[in-house]
Amino acid sequence: MPLVQVTVLMGALVGWSDVTIAPARGDRATSSFQRSLSGIDRPSERTLETLTRYDLERDYRRDVASALLRLEKLAQKSPETELVYALAELSWIEGKRLDRWRKPQAIDRFLDAAAYAHDYLFDPELIGGRGPSDPRFRLACDIYNAGVDRLIRAAESKGEIQLQNGETIPFKVHGREQVLRIVLAESPWKSSDVHKIKLASDFEVTGLSSHSYEYGLGVPLIGIREAKVEKGVRDPKERFYPTEMAFPLTAFLTPNSRLRDPNVDVRQARECTLELIDPVQRRTVGRGPTALALESDLTTPLAYMWSRTDLDRYRWSGLLRPEHSLERANLLLIRPYEPGKIPVVMVHGLISTPLAWIPMLNELLRDPVIQAKYQFMLYMYPTGVPIPIAASGLRASLNDAKRMYDPDGSDPAFERMVLLGHSMGGLLSRSMAVSSGDQLWRLYSDRSFFDEVIGPKEVTDELRTYFFFEPLPFVSRVVMLATPHHGSVYSRGVVGRVSSNLISDSDHIHDLLYRLVKDNPDAFDSRRFRRLPTSIETLEPDSPILSAMLAMKAGKAQFHSIIGSNRPGGVDKSTDGVVAYRSAHLDGVSSEKVVRSDHGVQKDPEAIIEVRRILRSHIGADKPPVPLAKPTTAEAATVTAP
């Protein structure tokens with residue numbers, strides 16, 4: 001079978017997730033507020049009433065700038081809700097008019113529009129004259145968002161926005177070069193981590209069934225952090241950071257108010273602070289009765305980050321040339337480590353990469369409880385390596401993370417780590433929570449590794465990590481999705497044979513085994529102990545390694561199975577197309593869930609809901625809500641009265 005046919009067939013069988021991101025088409029730049037503002041090119045009836053009330057309607061028609069100046073003077077002396085809203089709306093309309101003629105003064109008006117909308121929404125003395133049911137309230141939110149959006153685009157007009165020392169953004173307003181002060185607080189990210197920002201609305205995501213977007217106040221951004229490399233060496237503290245990290249932020253502009261201060265020169269540029277809000281940490285802006293929902297986009301930064309990697313190429317190099325790809329095996333964080341949050345480590349399957357988890361990750365991050373209590377890490381490894389070596393690499397990375405983030409055991413959350421493993425990743429994840437005994441070693445020798453086998457220390461030390469291990473004490477729960485505990489017939493079929501024959505054996509492992517056999521000729525069958533079986537060979541239904549792994553004793557961790565079934569029927573003949581139910585089933589698990597899915601179970605909605613349930617149960621958040629008490633007769637009458 002030609003390699004291209006193998007590629008197509010394997011892609012269909014293992015359920016690859018094809019998540020892509022591209023520049024937005026058309027005028028999507030203001031799509032979140034386009035519908036409500038597209039028709040505002042002249043004052044609304046209520047704003048015209050305000051102009052009439054202050055005897056400014058005729059002035060406005062003759063000289064917009066002069067009328068706006070007089071309105072601003074009135075607002076300085078005695079601001080009223082309708083007056084402040086009118087200033088926001090009229091400033092927006094004038095900004096659009098000037099922008100059509102490419103006049104630089106447009107940005108001044110857009111800034112005023114955002115500032116007066118901010119006053120309207122947050123000034124505590126105006127609260128009595130506004131309410132969420134007032135159409136002007138929603139329009140004020142849209143005017144604010146659109147004004148901030150235009151301000152950021154003005155800064156972007158000279159090229160990519162790169163923060164100066166993580167503290168300011170240069171832009172031009174009132175005809176002069178200005179700097180916009182940046183503040184980032186209440187987040188594990190620091191302002192110095194934000195090397196670039198991009199407007200999330202400038203991109204479109206495909207390949208995901210849903211988009212995690214919350215409507216409110218603010219402009220969603222993509223924050224970008226690039227790796228620090230000095231003389232070709234990265235900072236050891238960044239070991240688990242991808243080369244480029246993209247993360248969600250929301251821009252929230254706080255301008256200085258001109259209300260109630262007759263001494264302020266309205267012709268001077270405003271002083272503004274742009275707060276970059278982490279929507280994972282905060283969901284509102286403002287305080288008390290003026291608090292409003294924060295607008296946020298979690299999906300676009302996630303897709304931006306992972307679509308710009310070379311993981312599609314690594315999927316194949318990791319399968320066919322695994323020895324050359326081992327150095328990249330690593331845990332990958334999507335945010336800085338946060339003490340107090342439980343780590344969830346996601347381990348992909350055969351011929352796959354961390355990209356396989358993006359659909360599930362996108363959905364789980366929508367849940368505020370999971371956002372608040374968990375942090376996610378993705379493990380990347382070359383899937384062509386023998387399973388004992390792949391498991392050893394995962395174990396080493398988890399131990400390294402423990403030493404880096406919880407060396408003294410002071411963070412109880414780290415001790416409650418959850419592993420999610422898909423397909424072959426489920427086998428690796430389970431091996432983090434079992435004791436090997438001598439099950440693997442006895443497949444190759446009847447001599448005691450510790451008492452009878454001799455060899456160079458570097459050889460025996462490395463082989464010990466492959467064949468002998470104990471449960472990691474900080475792994476408390478393992479969720480296995482479409483995991484072939486008893487193998488898969490596809491490993492023995494044409495696709496499996498072709499793929500396995502293409503995988504190159506490791507020269508390093510061959511050398512280790514050769515040196516051990518040479519020093520212990522009576523301990524091994526030299527014809528069999530020259531190599532370890534590839535990952536695909538290990539997944540054959542009668543694999544001795546799989547049998548040995550099943551015989552290993554589990555530690556204290558709890559296990560869960562999520563199994564795919566691609567069509568209705570009895571479980572005895574059920575399959576996801578790659579792994580049969582009888583192979584994925586494991587006795588003694590805390591829960592088992594069969595979902596209608598092919599082998600790409602990790603992106604199936606039903607499976608994602610089950611993972612969400614398990615994570616919530618892990619922290620005791622799965623209890624049903626307390627039923628509301630029935631209202632008394634008097635209360636019911638109050639509620640239902642017209």
Side-chain angles (χ1 to χ4, degrees), residues 72 75-76 84 87-88 91-92 95 107-124 126 140-141 143-158 161-174 176-200 216-224 247-261 264-279 281-288 290-296:
E72 288 187 291
Q76 284 180 288
V84 175
L87 277 166
S91 296
W92 170 255
I107 191 60
D108 303 345
R109 290 305 180 190
F110 288 138
L111 179 55
D112 284 342
Y116 284 118
H118 185 278
D119 287 334
Y120 174 86
L121 294 167
F122 292 104
D123 190 298
L126 301 180
C141 292
I143 289 171
Y144 174 85
N145 289 349
V148 177
D149 178 273
R150 294 299 182 103
L151 186 65
I152 294 172
R153 291 186 186 283
E156 219 176 24
S157 63
K158 294 184 178 181
I161 298 179
Q162 301 188 21
L163 274 64
Q164 298 175 349
N165 301 317
E167 296 174 353
T168 59
I169 295 176
F171 74 110
K172 196 170 186 176
V173 65
H174 276 268
R176 293 182 300 177
E177 293 293 336
Q178 307 261 352
V179 291
L180 189 60
R181 192 168 71 91
I182 301 299
V183 173
L184 174 59
E186 299 180 42
S187 172
W189 300 105
K190 301 175 182 177
S191 59
S192 58
D193 289 324
V194 187
H195 299 151
K196 301 176 185 176
I197 58 173
K198 294 179 180 291
L199 286 155
L217 215 59
V219 176
L221 303 173
I222 303 172
I224 299 171
F247 47 94
L249 294 170
T250 296
F252 183 73
L253 185 74
T254 304
N256 67 316
S257 178
R258 293 172 174 171
L259 305 183
R260 304 179 190 87
D261 187 354
V264 172
D265 184 355
V266 296
R267 295 181 179 85
Q268 294 297 315
R270 290 178 181 269
E271 293 180 5
C272 301
T273 297
L274 189 68
E275 185 177 1
L276 301 181
I277 298 175
D278 183 347
Q281 300 292 97
R282 280 176 58 189
R283 289 173 170 261
T284 61
V285 288
R287 289 180 174 80
T290 64
L292 296 172
L294 180 74
E295 189 139 334
S296 64

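Counting from 1, the numbers follow the sequence of the chain as shown. Since the model is a prediction, treat every value here as computed from it, not as a measurement.
In this structure, I277 CD1 and E186 CD are separated by 8.5 Å, a value rounded to the nearest 0.5 Å. With rounding to the nearest 0.5 angstrom, the CG atom of L126 is 6.5 Å from the CG atom of L259.
In this structure, the side chains of L151 and I107 come closer than 4.5 Å at one or more pairs of heavy atoms. Contact check for E275 versus V285: no side-chain heavy atoms found under the 4.5 Å cut-off. P255 places a side-chain heavy atom less than 4.5 Å from the side chain of C272. Between D193 and L184 there is no side-chain heavy-atom pair separated by less than 4.5 Å. For the pair L199 and L221, the minimum side-chain heavy-atom distance is below 4.5 Å. The shortest distance between side-chain heavy atoms of V219 and L253 does not fall below 4.5 Å.
Between the side chain of N145 and the backbone N or O of G216 there is at least one donor-acceptor pair closer than 3.5 Å.
Not counting sequence neighbours, K190 has no partner by the salt bridge (charged side-chain N to carboxylate O under 4.0 Å, His left out) test. In this structure T254 satisfies the side-chain hydrogen bond (donor to acceptor under 3.5 Å, both in side chains) test with no other residue, sequence neighbours excluded. By the side-chain contact (heavy atoms from CB on, under 4.5 Å) test, T284 is found to be paired with no residue, residues two or more places apart in sequence or in another chain being considered. Under the rule for a ring pair (Phe, Tyr, Trp, His ring centres under 6.0 Å), the partners of F252 that lie at least two apart in sequence or sit in another chain are H118, F122, Y144. The side-chain contact (heavy atoms from CB on, under 4.5 Å) test applied to R283 returns P368, Q371, not counting sequence neighbours. In terms of the side-chain hydrogen bond (donor to acceptor under 3.5 Å, both in side chains) criterion, residue partners of D123 (sequence neighbours excluded) are, by chain and number, R260. Applying the side-chain contact (heavy atoms from CB on, under 4.5 Å) rule to Q281 yields the partners P188, D278, R335, E338, K341; only residues at least two apart in sequence or on another chain are considered.
Considering every non-hydrogen atom in both L294 and T250, the closest pair reads CD1-CG2, 3.5 Å. Annotation for A88 and A113: closest pair O-CB, 3.6 Å, computed over non-hydrogen atoms.
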